[in-house]
Amino acid sequence: MFRFLIKRVLLGVSTLFAISVTVFALFFMGPADPAASMCGTKQCTPVQHERITTFLELDRPPHEQYASYMRGIFVGRTIGGDSPDAIECPAPCLGINFRTYEQVSTVIGRTMPITFSIVLGGAVLYVLIGTGLGMLSAIKRGSIFDRIASGTALTFASTQIFFIGSVLLLVFVYQTDLLPLPKYVPFTESPLGWLGGMIVPWIALGLINSAQYARLSRAQMIETLSEDFVRTARAKGLAIAPIYFRHALRAAVTPIVTIAGLDIGGQLGGVAITETTFSLNGMGRTAVRAIDEANLPVVMGIVLFSAMFLVLSTIIVDILYSVIDPRVKLGTSGGH
Amino acid sequence: MRKTVKALALGAIATSLVLTAACSANKGTDQEKDTAKEQNFIVDYKGDVKGPRAEVAGAKTGGTITILKAACFEHLDPQQIYVSDALSYGPLVHRSLTGYVETGVEGEPMKLVGDLATNAGTTTDNGKTWTYTLRDNIKFEDGTAITSKDVAYGIARSFGQFGVQGPQFLQAALDAKFGAEGGYAGPSTGDLKVPGVTTPDDKTIKFEFATPQVALPYWLAFPTSTPVPAAKDTKEKYDFEFVSSGPYKRAELVPDTRIVFEKNPAWDPNSDPIRKQYVDKFVFDCTTDAKTQTDRMSAANGPDAAAIMTGNVPPDQIPVVKGNAELMKRVGSAPNQYVYYLNINTTRVTDVDVRRALNYAFDRDAYLKAVGGYDIANPASTITSPVNPAYLEFDAYPSKSDNHGDIDKAMKLLEGKTVPTLTLCTANTAVNQKVAAVLQESFKRANITVTPKFIPSGDYYTTVGRKGIDCDLITSAWGQDWADGQSVLGVLMDGAQIKAEGNNNYSYFNDAAVVAKLKELREMADRGAAQKGYGELEKQIMEQHAPLIPLRYGRTFGIYGPNVGNTFLNQFSQFDLLAAYVK
Amino acid sequence: MSTANNPYLQVSNLRVKFETHDGTVKAVDGVTFSVEKGKTLGIVGESGSGKSVTSLAIMGLHNPKSTLLQGEILVDGRNVVGMPDDKLRLLRGRDMAMIFQDPLTALHPFYTIGRQLVEAYRVHHKVTKAVAKKRAIEMLDRVGIPQPQRRFGQYPHEFSGGMRQRAMIAMSLINDPNLLIADEPTTALDVTVQAQILDLLNDLQREFHSAVILITHDLGVVSQVADDVLVMYGGRVAEYGTAQQVMKLPQHPYTWGLLASMPSLRGDPEADLLPIKGNPPSLLNVPPGCVFHPRCRYAMLKGGPCDREVPELLQLRTVDEPGHTVACHLPERQRIETYQEEISSVGVAQ
Amino acid sequence: MSDFVPRQTDSATDVLEVAPIEETAKAPKAIVGKSPGQLAWFRLKQDRTARSTIWVLGFFVFIAVFADVIEWIYGIGPTVNSPDLLDTTGQPLGYLGGIDFTTDNPSGHIHILGVMPATGWDVFMQFVYGARTSLIIALLATVISVIIGIFIGTLAGYFGGWIDQALSWFTDYMLAFPFVLMAIAVIPILNTRLEDETGYVTVYERVATIIVVFSLFGWMYTARLVRGQVISLREREYVEAARAAGANSWHIMFRQILPNLWAPILVTFSLSLPATVTAEAALSFLGIGVQQPTPDWGRMINDSLLYMRSDFMYLVIPGVSIWALVLSFNLFSDALRDALDPKSSR
């Protein structure tokens with residue numbers, strides 16, 4: 001177990017390292033003149049250009065830039081070198097937001113709760129509802145309920161969040177005022193306000209994703225129900241409920257946990273489309289805006305952060321897997 | 001699974017029924033024409049306007065006004081402010097040497113008055129030397145008195161790295177080497193001495209220029225001249241940690257999210273002819289896009305009753321808003337200072353008849369509808385905006401009917417000529433992509449082929465501002481920096497200013513007679529007479545040279561809450577809050 | 001063929017049909033047999049012959065929605081056809097139990113062996129977990145699993161194939177059932193282990209005195225352990241009799257084929273096995289007449305009834321073998337001659 | 001499901017259910033005498049859902065291929081300005097977004113799906129040419145990514161050892177990139193590399209960029225799937241036989257093993273195609289994608305959100321088009337999976 005964890009974390013770290021190198025190379029060396037593209041819509045005066053160049057150390061060789069960036073993450077650094085306006089950036093320093101002169105880590109810290117609220121709340125909703133509906137469909141396979149549920153699931157699974165989200169906003173928020181307008185209120189400030197502000201994004205995420213989870217869990221459950229061990233359970237004389245819940249569900253839930261884990265991990269790094277649809281300034285939308293502004297340090301920071309969540313979620317899923325399925329021995333499997 | 005298809009079909013039918021029911025015939029609405037009114041304008045050189053500002057009839061104190069914004073101010077560091085939202089609401093916390101008094105009352109002229117200074121400026125030598133004396137009892141939020149040194153320090157700052165985003169007229173006029181090697185580079189170099197600026201005592205600040213600068217009072221109305229206490233200059237963080245000199249101060253500031261201003265007790269109403277302090281708090285909600293702003297303003301529930309929006313109502317909501325008579329009472333709709341052009345690169349399209357033909361061939365109606373309709377744009381025929389005092393109403397290339405242009409005249413002008421394929425350069429945005437296609441189709445009617453070239457929007461003006469660019473048609477927009485013809489024609493049509501890079505004259509129009517006339521107008525001390533001159537010059541340029549096609553005048557179409565008193569669209573096309581109150 | 005009057009299980013004219021994507025499948029078409037306590041019935045046939053479906057129907061483990069059951073299945077006198085599932089389930093595991101072919105998939109991979117045994121016991125006995133655990137360990141011990149205390153807490157994947165099947169057997173016998181159905185219990189196991197498991201089953205049957213149905217495709221296995229033999233083909237009974245009768249004088253050409261394809265019983269072990277040519281019939285599309293006729297070397301195709309009439313299951317007339325029945329159009333005399341001349345003498349050679 | 005993006009996690013697991021062909025053939029119910037391919041095709045033809053979705057998909061392909069012919073018959077192109085069909089706010093006059101089956105209007109043409117707000121362009125022609133853009137991008141991107149996936153998956157699965165470890169690591173590494181952010185960040189950067197001196201990038205280059213980015217970030221699930229299948233096939237007898245007969249690795253991989261994988265690959269393909277259509281639409285929603293005047297459904301949705309309240313039809317048409325296309329693909333791939341593996345769940 002312990003050896004496995006170490007191996008897994010090392011693999012994850014190597015992935016993250018490779019991603020950081022790639023992203024760094026792409027963003028800082030991809031554009032012909034990153035300083036100019038960061039300069040903004042107005043004309044770039046030599047003064048501005050030079051300032052950006054010194055602050056991002058664009059005048060130094062790429063490997064030094066990268067080394068200094070990585071050093072910043074672990075021990076902090078001074079941005080702007082020996083310029084009189086140098087900015088102190090303590091660890092974990094992901095650089096400085098060029099527009100607001102905040103630390104990128106502060107930007108992430110501010111936008112993270114928004115993304116987390118959307119994603120985790122939505123996930124609870126769609127995993128529970130989706131899985132529940134799917135399981136029910138599987139049990140009542142072929143019934144009217146199953147047909148309606150499967151049809152609805154397929155319909156919603158084929159739509160997009162920006163379409164459903166916009167229609168939801170139009171119908172339930174703007175035109176009828178039945179649901180509150182999406183906005184972020186910190187939970188600590190007002191739990192009710194938090195709930196109200198998140199409800200529409202959750203519903204939208206819920207509609208689309210629970211459709212997909214319903215499809216997945218229905219298929220999974222049907223497959224499990226045809227397994228020999230379910231037949232054995234019936235042969236033992238077990239009643240319906242323990243057959244479904246103790247035997248079938250337990251086995252069917254494994255791949256769902258895996259996928260939910262990877263999904264949530266992927267989403268925690270920002271749900272750009274959802275956040276844009278509902279005008280919520282989470283990490284995704286912030287990153288999109290930063291890309292528009294060529295605010296490379298912010299983009300870089302958020303992309304790395306997202307990648308970290310993805311890598312982390314694969315590790316957690318592996319661990320979860322071994323908890324759920326005793327056949328999986330952590331010591332031997334290297335990955336998925 | 002195969003049975004699900006039926007369920008799907010049913011769902012689809014049900015949905016389409018709902019949708020059908022939601023639609024009815026659109027027969028169109030008539031567009032009321034608002035005639036541009038000539039603006040009268042007073043510059044208070046004598047110091048007649050004194051604090052406090054007159055009470056607003058019916059005004060009450062207390063309450064909170066919420067300002068709905070799609071994004072927070074780019075800057076609140078006074079020396080970095082240059083964008084209209086910050087120019088409009090920055091004065092709640094920042095005072096400068098001069099400032100504008102606007103009342104929104106029909107017929108009452110806008111005034112440029114002394115703000116921290118007692119008057120708009122005193123000059124004894126036609127603009128080469130200017131002296132300003134500070135008012136009494138002006139203080140920073142911490143209670144320390146504002147001295148001329150603080151003002152000078154602010155101006156010094158604007159030379160350094162914290163002024164690069166702000167306007168740079170003053171700096172360029174004070175220091176010929178500004179921005180170049182050997183020029184003054186701000187206080188972080190350790191040198192506090194701004195060339196040409198002296199502070200003989202704590203109350204006086206003096207500006208000396210090499211050439212007459214009649215526009216100085218306007219330039220000082222920018223927060224470039226906002227005082228900054230040197231001890232509290234936190235450099236780049238000053239955007240968030242600024243020290244207030246106005247009636248409000250920062251109570252909360254979460255970047256990209258939320259800003260709250262509360263009353264500043266150190267501010268003395270008697271020292272300020274521009275601002276009132278009726279409202280307890282201003283809350284800037286920076287995460288609300290124009291669509292949502294419109295919806296919240298339409299509903300005006302709870303705190304939104306005392307809110308204002310800062311964006312334009314999006315095109316799909318305009319018909320909805322216009323259909324609601326009650327709501328229309330709370331709509332602010334007026335032309336703004338922006339004018340949009342299709343510049344014709346005169347160095348490439350040298351035949352003036354082709355340029356005239358392009359003007360005739362342009363389908364302004366199609367264009368206006370493509371950019372959002374007549375509520376947020378007016379058909380333009382001049383270079384100068386109707387809100388500028390230099391505006392002269394004329395149309396050198398009138399349409400045959402309904403703003404569709406005059407193809408016959410265009411064809412006649414082009415008779416016997418072959419026009420090569422023209423390259424249309426425009427910034428790469430969603431709207432511009434559509435507009436480019438509309439323009440393309442529009443010129444096709446006169447057999448002129450245009451191919452669009454989309455340039456990344458971040459670099460757009462840098463790219464097309466490069467002399468020798470291979471664009472034949474270049475889209476651009478211009479908003480005056482101050483209410484004077486010089487700030488439009490003097491920038492856009494002055495061939496003498498054409499340089500290798502960083503041009504604003506995107507037509508690359510250079511005519512000796514025009515250059516001479518512009519120089520004469522620029523240096524005229526009587527600005528009223530100068531404005532007339534600009535108008536006539538403009539008419540002459542359009543008729544004789546046709547260096548551009550005026551596309552549209554910008555309009556603002558916004559909504560304010562029913563409980564906001566004394567607000568109106570100010571010169572920056574924002575709802576004015578300097579003397580607003582909560583009903 | 002035993003002659004007791006009150007067999008524990010009496011199946012009469014059982015028909016099982018189910019709907020699939022591709023059409024209706026007649027998996028079992030008119031099967032009759034009986035088993036009494038202490039006896040073993042071997043059901044033999046290739047895959048698709050309907051033997052497993054029959055056993056599932058007895059247990060009531062078929063899918064009730066897509067499956068149609070007809071006929072009568074009397075378990076200790078109670079007809080389980082049409083019995084509501086909540087009543088039937090009380091019989092399952094207590095009165096009748098089943099051992100499946102592949103213990104790896106038949107045991108739940110996520111629960112310990114012990115937990116699954118305990119569960120099986122507690123379904124039918126209101127006892128504490130401790131009591132049930134004691135019983136489970138006893139059973140594990142009884143089926144020959146060493147260190148049952150330790151094995152109790154292990155997962156199926158930690159067991160070897162043979163041990164797993166022993167655990168499966170322990171689980172099925174934990175409630176002391178009167179009827180045990182073993183569906184190819186040794187197919188998935190190594191040859192050496194197969195014999196052990198069969199021995200174990202034999203021992204247990206003697207000890208528990210239950211009726212056993214042993215389903216297999218291996219006539220050799222049947223000859224070792226079964227008292228009676230039921231040969232099934234294409235959902236129908238081809239031949240039915242005591243093990244002795246069927247092994248001594250098999251009557252159906254299909255049984256001959258099964259015998260011939262047995263490796264060990266006779267002749268030269270080096271000789272090739274003799275597989276039956278062709279594939280089992282598609283139950284979607286059952287051949288007319290005798291189901292076996294397309295593969296039958298002796299079928300009377302020209303003018304004969306084999307491809308037109310379904311043969312009845314008839315008692316042998318010329319030899320005195322009470323209870324030995326066969327469904328074949330060939331004249332009995334010809335069958336006996338053919339068997340004696342061509343099959344038993346020549347053995348495998350053909 | 002990350003936001004909008006290709007729900008391939010889901011798909012991939014589903015696909016894994018597809019049984020290898022041989023087993024399908026041996027299934028007890030199998031009808032004797034038909035090859036697995038014929039059998040699948042037979043089942044597909046029997047499936048009503050499959051039949052109807054094939055018609056819908058065929059319709060989209062037809063209009064995409066014959067867009068020019070349709071324009072010629074219909075009489076008006078996709079970008080002809082008709083400002084006189086709009087009111088002063090730029091909204092279409094008349095009913096349901098300007099639907100007009102007569103030519104008695106200022107443009108002199110019929111507009112069976114109405115006209116676009118702001119420009120007065122004909123929505124039907126936009127829809128027709130939009131199908132072309134969406135399908136070309138989705139098809140090419142999917143084909144390329146599936147090919148990359150097959151290649152990498154086969155190499156990893158066949159050779160095993162360090163090659164497998166390295167390629168699997170690379171797959172994981174590619175999967176760890178946040179797709180949406182990378183796409184909107186990388187597409188402009190790639191475009192800047194294609195710029196001429198004024199920063200201009202042609203339509204073809206832009207489309208190519210999108211396809212490249214989708215292919216680059218879209219092959220991982222196919223690779224994983226193929227790897228797993230190849231590992232299970234690697235030890236089969238006929239492969240052993242081929243190896244014993246001295247066939248080289250390339251021959252074994254691409255002649256012996258791959259042909260046995262067509263079923264799962266076909267299913268992955270049919271699942272990732274709609275995912276790509278959706279992803280392209282989503283990128284257009286974020287403002288990265290094909291540009292005017294090239295018609296595109298995704299951008300149409302993005303554009304129509306601006307007119308959602310005043311011209312709901314304009315949102316409905318591209319929205320329903322994409323929905324119908326994606327739904328048809330999803331239904332079709334379900335049916336395909338059923339046909340290829342009748343034992344599977346549904």
Side-chain angles (χ1 to χ4, degrees), chain A residues 11 14-16 18-19 22-23 26-27 30-32 37 138 154-155 157-163 166-167 170 174-175 208-209 212 215-216 218-220 222-223 226 255 258-259 262-263 266-267 269-274 276-277 284 287-288 291 299 302-303 306-307 310-311 314 334-336, chain D residues 1-5 7 9-10 13-14 17 165 168-170 172-173 175-182 184-186 188-190 192-193 195 224 274 278 281-283 285-288 298 301-302 304-305 308-309 312 315 318-319 322-331 334 343-346:
Chain A
L11 259 177
S14 75
T15 310
L16 276 181
I19 285 182
T22 318
V23 174
L26 208 61
F27 290 170
S37 41
L154 196 62
T155 309
S158 305
T159 55
Q160 296 87 41
I161 189 91
F162 52 89
F163 183 69
S166 305
V167 173
L170 179 66
Y174 299 150
Q175 288 189 337
I208 292 179
N209 290 357
Q212 283 161 337
R215 269 161 70 70
L216 175 71
R218 179 178 179 276
Q220 209 58 51
I222 285 176
E223 197 187 311
S226 70
T258 311
I259 284 172
L262 294 177
D263 269 348
Q267 291 176 346
V271 273
I273 317 264
T274 312
T276 307
T277 306
V288 171
I291 290 170
V299 181
I302 294 183
V303 166
S306 306
L310 269 165
V311 169
T314 56
H336 310 278
Chain D
M1 18 238 100
S2 68
D3 217 359
F4 73 96
V5 189
R7 270 302 294 141
T9 20
D10 166 354
T13 8
D14 283 1
E17 294 162 16
Q165 283 198 348
S168 296
W169 180 87
F170 183 61
D172 283 353
Y173 153 80
L175 276 172
F177 282 105
F179 172 73
V180 182
L181 295 187
M182 287 311 286
I184 56 176
V186 169
I189 290 179
L190 285 183
T192 55
R193 286 298 180 185
E195 282 171 359
R224 278 190 171 182
T278 315
L283 280 198
F285 172 73
L286 290 179
I288 309 267
I301 289 199
N302 184 19
S304 68
L305 294 177
M308 194 160 71
R309 265 158 271 208
F312 198 68
L315 171 65
I322 293 188
W323 172 76
L325 183 67
V326 172
L327 181 67
S328 302
F329 270 124
N330 283 339
L331 282 168
D334 280 352
K343 282 190 303 183
S344 82
S345 40
R346 297 141 339 89

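Only this structure's heavy atoms are used, side chains among them; waters, hydrogens and symmetry mates stay out. Proteins come first, then strands; the chains are lettered A, B, ... in the order of their sequence lines, and each starts at number 1.
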Query raised in the report: Considering only heavy atoms, which portion of D:Ala281 lies under 4.5 Å from any heavy atom of chain A: side chain, backbone, both, or neither?
Result: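 Its backbone and side chain both get close to chain A.
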
Report task. Measure D:Ile301 against the heavy atoms of chain A and call it side chain, backbone, both or neither at under 4.5 Å. Result ->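 Only the side chain of D:Ile301 comes within 4.5 Å of chain A.
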
Query raised in the report: Rounded to the nearest 0.5 Å, what separation is found between the CD1 atom of A:Ile273 and the CD1 atom of D:Ile184?
Result: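 Atom-to-atom, A:Ile273:CD1 and D:Ile184:CD1 are 7.5 Å apart.
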
Report task. Hey, could you give me the CG/OG distance between D:Leu331 and A:Ser158, rounded to the nearest 0.5 Å? Result ->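 Rounded to the nearest 0.5 Å, the CG-OG separation comes out at 7.0 Å.
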
Taking the side chain as every heavy atom from C-beta outward, state whether [X] and [Y] have any pair of such atoms under 4.5 Å apart.
X        : Y        : value
A:Thr22  : D:Tyr173 : yes
D:Asp334 : A:Leu154 : yes
D:Leu286 : A:Phe162 : no
D:Leu175 : A:Thr314 : no
D:Met182 : A:Leu26  : yes

Do you know the tightest heavy-atom contact between [X] and [Y]?
X        : Y        : value
A:Gly284 : D:Leu181 : O-CD2, 4.1 Å
D:Pro178 : A:Ser306 : CG-CB, 3.6 Å
D:Ala176 : A:Leu310 : O-CD1, 3.1 Å

Query raised in the report: Listed by chain and number, what are the side chain to side chain contact (heavy atoms under 4.5 Å, CB included) partners of A:Ser14, not counting sequence neighbours?
Result: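 So A:Ser14 forms a side chain to side chain contact (heavy atoms under 4.5 Å, CB included) with A:Leu11, D:Trp169.
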
Query raised in the report: Side chain, backbone, both or neither: which part of A:Ser226 has a non-hydrogen atom closer than 4.5 Å to chain D?
Result: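 Neither part; nothing is under 4.5 Å.
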
Query raised in the report: For A:Val167 and D:Leu315, what are the C-alpha separation, side-chain angles and deciding distance, and is it a side chain to side chain contact (heavy atoms under 4.5 Å, CB included)?
Result: CA-CA 9 Å; A:Val167 173; D:Leu315 171 65; 4.3 Å; yes

Query raised in the report: Is there a donor in the side chain of A:Thr15 and an acceptor in the side chain of D:Asp172, or the other way round, less than 3.5 Å apart?
Result: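 Absent: no donor and acceptor within the cut-off.
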
Report task. Look at the side chain of D:Trp323 and the backbone N and O of A:Thr155, then say whether any donor-acceptor pair between them is shorter than 3.5 Å. Result ->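 Checked: pair present.
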
